[in-house]
Amino acid sequence: MATPAPFRLYNTLTKQTEPFVPLQEGAVSLYVCGMTVYDHIHIGHGRAMVAFDAFVRYLRHRGWAVRFVRNFTDIDDKIIRRALERGEEPLALAQRYIDAFHEDTDALGLARPDVEPRVSTSMEAILHMTEHLIAKGHAYEADGSVWFSVQSFPEYGKLSRQRVDELRSADEESGKRHPADFALWKACKPGEPTWPSPWGQGRPGWHIECSAMSREQLGAQIDIHGGGLDLVFPHHENEVAQSECASGEPFARYWMHNGLITMASGQKMGKSLGNVFNIREALAVFPAEALRLYLLQNHYRTALPWSETSLTEALSMLARLYEAKEVAGQLAREPGEAQESPAAAAQALGEDAAAALALAEGFEARLYGALDEDFNTAQALALAFELARAVNRLAGHKRAKRRAGPIAALALAAFERFSAALHLLGAAPGEFTEEVKRKRLAPLGLTAEEVEGLLAARAAARAAKDWAESDRLRDLLDARGVAVMDTPAGAEWRVKL
RNA sequence: GGCGAUGUGGCCGAGAGGUCUAAGGCAACGGUCUGCAAAACCGUCUAUCAUCGGUUCGAAUCCGAUCAUCGCCUCCA
């Protein structure tokens, strides 16, 4: 395998974009905080999932051996509460939502992580780390619970730049020595699932799981730890404290945080705010790629606004790219002048062709340049659109069919490079428009058969040059959201965006 | 109260101090195409880069202040 390509990454720990230096040559160990599984995933989760999926795929594309771990939190207050409401076993409820999660992320086209550890099956590692922290004097037991002592770790706060004494104190809980101390192990309460421990029956606290599972799967030190920006404090801060106190060495070298989805009001989308839009609902009426494009169109660290039209806009964008790619493919397949070099073709066709050639040839370097600099997918996308316009212009040339082939072939290769890097735009020609038709028709309350039936009637009217009837049928379809396009080969249709 | 982030055209949004009179997208408008359309394509427009001050030969980019918005400090991707 070729030497992996270097890249730079913004590190929350240092607040700087830094060259990535791996612990092990050619390898990247990545731990991303996953879901607490008590509900379906929404667009906000989708952003984190897609951002890291694209990131991992890109690193692999560039030659890195990535080991990607993402956990499930399947023991937690909210799971227990919801299970209680529904009269279900908490772990059974969690399992249902893990299954739903897999259905949704598979449908979204995400690659599964190498390992997806769960709290309920990582108990040994959690207990082990907790005991170790007590032994080293960083944690203490009180009434069957175990607390981490933030004052035992002078560097506490270094990730989020919080100072322990400046924090707003949360509810006082019994047994804590300092308000900022947090639970590693919670003594059992009636009706909750429990596990045996040296301190009696109980269950793990929230933060310890990620430290324990990360250590178990990837070792004491990892390259990159990822998650949503809203996890920086306290979750990731606490992970740093636990992991570094336990091992005595630095935990994650790079902390990578994705920005949140925000509503028109500017507020974030969040389960607790009740303003979520589920991935499942979105995928029922939009192709997965439209979501992926929407979620990758901004830089991963900035807030991404959500609106009613976000996905239709993404769909428009995607359609434009797919069409340009298809144009490039068609041109590339034209017989044209035999064996002409791209440069000769550009020479013959003039300025637009030369511009297209230059773009196609420089595409890869610019694409990698954008993505290697803190994974700037927004910039990468802009390149694809520039290429699209250049291809369309090229195709508009009078002699394009005869001579643009060699240039179009390079453009097509550039599009394919883009697909390989970001896992976008990879569907076969026509596949995408079919999926759009299928999914967009449903919310209109129409079936393909109905549309085809009306079009057949219209074709008859057109054959008789009955323009009034033809237009009436077209207007009818138009009013219901279907655009009709007459082509030399007959009428085609698509769902209006 | 503490910590942090952001403020670029109608909207979204990228911008490693000079090539930025600012990429790209969406929308709008004009043209090509068409029986007329639609779709598609091509083209066009709108930016004193929040405000004020400073550093610099030179700033959207660095510094300071102000204003505004948002996130975290309780569960949260």
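Reminder, nothing fancy here: chain letters follow the sequence lines and each chain counts from 1.
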Contact letters for nucleotides 32-45 of chain B, in which S counts primed atoms plus P, OP1 and OP2 and B counts the base, heavy atoms under 4.0 Å: ---BBBBSSSSS--
Roughly how far apart, to the nearest Å, are [N] and [M] at atom [atom1]?
N: B:C20; M: B:C26; atom1: C1'; value: 23 Å
N: B:A50; M: B:A22; atom1: P; value: 16 Å
N: B:A47; M: B:C42; atom1: C1'; value: 24 Å
N: B:U51; M: B:U32; atom1: P; value: 41 Å
N: B:G64; M: B:U55; atom1: P; value: 15 Å
N: B:C11; M: B:A16; atom1: C1'; value: 28 Å
N: B:G25; M: B:G43; atom1: P; value: 10 Å
N: B:C12; M: B:C75; atom1: P; value: 32 Å

Roughly, in whole Å, what's the span from [atom1] in [X] to [atom2] in [N]?
X: A:Leu381; N: B:C26; atom1: CG; atom2: P; value: 10 Å
X: A:Leu260; N: B:G4; atom1: CG; atom2: C1'; value: 13 Å
X: A:Glu18; N: B:A16; atom1: CD; atom2: C1'; value: 15 Å
X: A:Leu229; N: B:U6; atom1: CG; atom2: C1'; value: 11 Å
X: A:Arg82; N: B:C75; atom1: CZ; atom2: C1'; value: 12 Å
X: A:Tyr300; N: B:U6; atom1: OH; atom2: P; value: 13 Å
X: A:His235; N: B:C73; atom1: NE2; atom2: P; value: 13 Å
X: A:His299; N: B:U8; atom1: NE2; atom2: P; value: 17 Å

Parallel, tilted or perpendicular, as decided by the 30° and 60° cut-offs, for the rings of A:Phe251 and A:His225: perpendicular
Parallel, tilted or perpendicular, as decided by the 30° and 60° cut-offs, for the rings of A:Phe375 and A:Tyr300: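 Plane angle between 30° and 60°, so tilted.
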A:Arg82: salt bridge (Lys or Arg N to Asp or Glu O under 4.0 Å) partners, not counting sequence neighbours: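 Expected list: A:Asp39.
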Nearest-nucleotide comparison on RNA chain B, the residue closer to the 5′ end among A:Asp76 and A:Met317: A:Met317
RNA chain B: 5'-proximal contact among A:Gly44 and A:Leu304 (nearest heavy atom): A:Leu304
N or O in side chain of [X] less than 4.0 angstrom from [N] OP1/OP2:
X: A:Thr302; N: B:A14; answer: yes
X: A:Asn258; N: B:A77; answer: no
X: A:Asn298; N: B:C12; answer: no

Taking a pair as Watson-Crick or G-U wobble with both distances under 3.5 Å, which nucleotide is matched to [N]?
N: B:C41; result: B:G31
N: B:G10; result: B:C26
N: B:C72; result: B:G2
N: B:U51; result: B:A65
N: B:U46; result: none

A:Arg301 side chain vs A:Met256 backbone, donor-acceptor pair below 3.5 Å: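 No, the answer is negative, given that no donor and acceptor are paired below the 3.5 Å cut-off.
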To the side chain of [X], which of [options] is closest?
X: A:Ala382; options: B:G24, B:A77, B:G2; answer: B:G24
X: A:Glu386; options: B:A14, B:A23, B:G71; answer: B:A23
X: A:Glu313; options: B:C26, B:G24, B:G71; answer: B:C26
X: A:Lys15; options: B:A14, B:C26, B:A5; answer: B:A5

Which part of the nucleic acid, if any, lies within reach of [X] when heavy atoms closer than 4.0 Å are counted: base, sugar-phosphate only, or nothing?
X: A:Leu383; result: nothing
X: A:Gln162; result: base
X: A:Gly227; result: sugar-phosphate
X: A:Gly34; result: sugar-phosphate
X: A:Leu231; result: sugar-phosphate

A:Glu209 and its side chain to side chain contact (heavy atoms under 4.5 Å, CB included) partner, picked from A:Val119, A:Asp76, A:Ile75: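 Single side chain to side chain contact (heavy atoms under 4.5 Å, CB included) partner of A:Glu209 among A:Val119, A:Asp76, A:Ile75: A:Val119.
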The single option from A:Leu311, A:Val50, A:Leu296 passing side chain to side chain contact (heavy atoms under 4.5 Å, CB included) against A:Leu291: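 Of A:Leu311, A:Val50, A:Leu296, side chain to side chain contact (heavy atoms under 4.5 Å, CB included) with A:Leu291 is met by A:Leu311 alone.
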Short side-chain donor-acceptor distance under 3.5 Å, A:His299 and A:Asp374: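 The criterion, which ignores hydrogens and geometry beyond distance, is satisfied for A:His299 and A:Asp374.
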Spacing of CG belonging to A:Asp372 relative to CG belonging to A:Leu367, to within rounding of 0.5 Å: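 Here the interatomic distance stands at 9.0 Å.
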A:Arg458 side chain near A:Asp486 side chain, heavy-atom distance below 4.5 Å: yes
Sub-4.5 Å side-chain heavy-atom contact between A:Val232 and A:Glu237: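 Counting from C-beta outward, A:Val232 and A:Glu237 never come under 4.5 Å.
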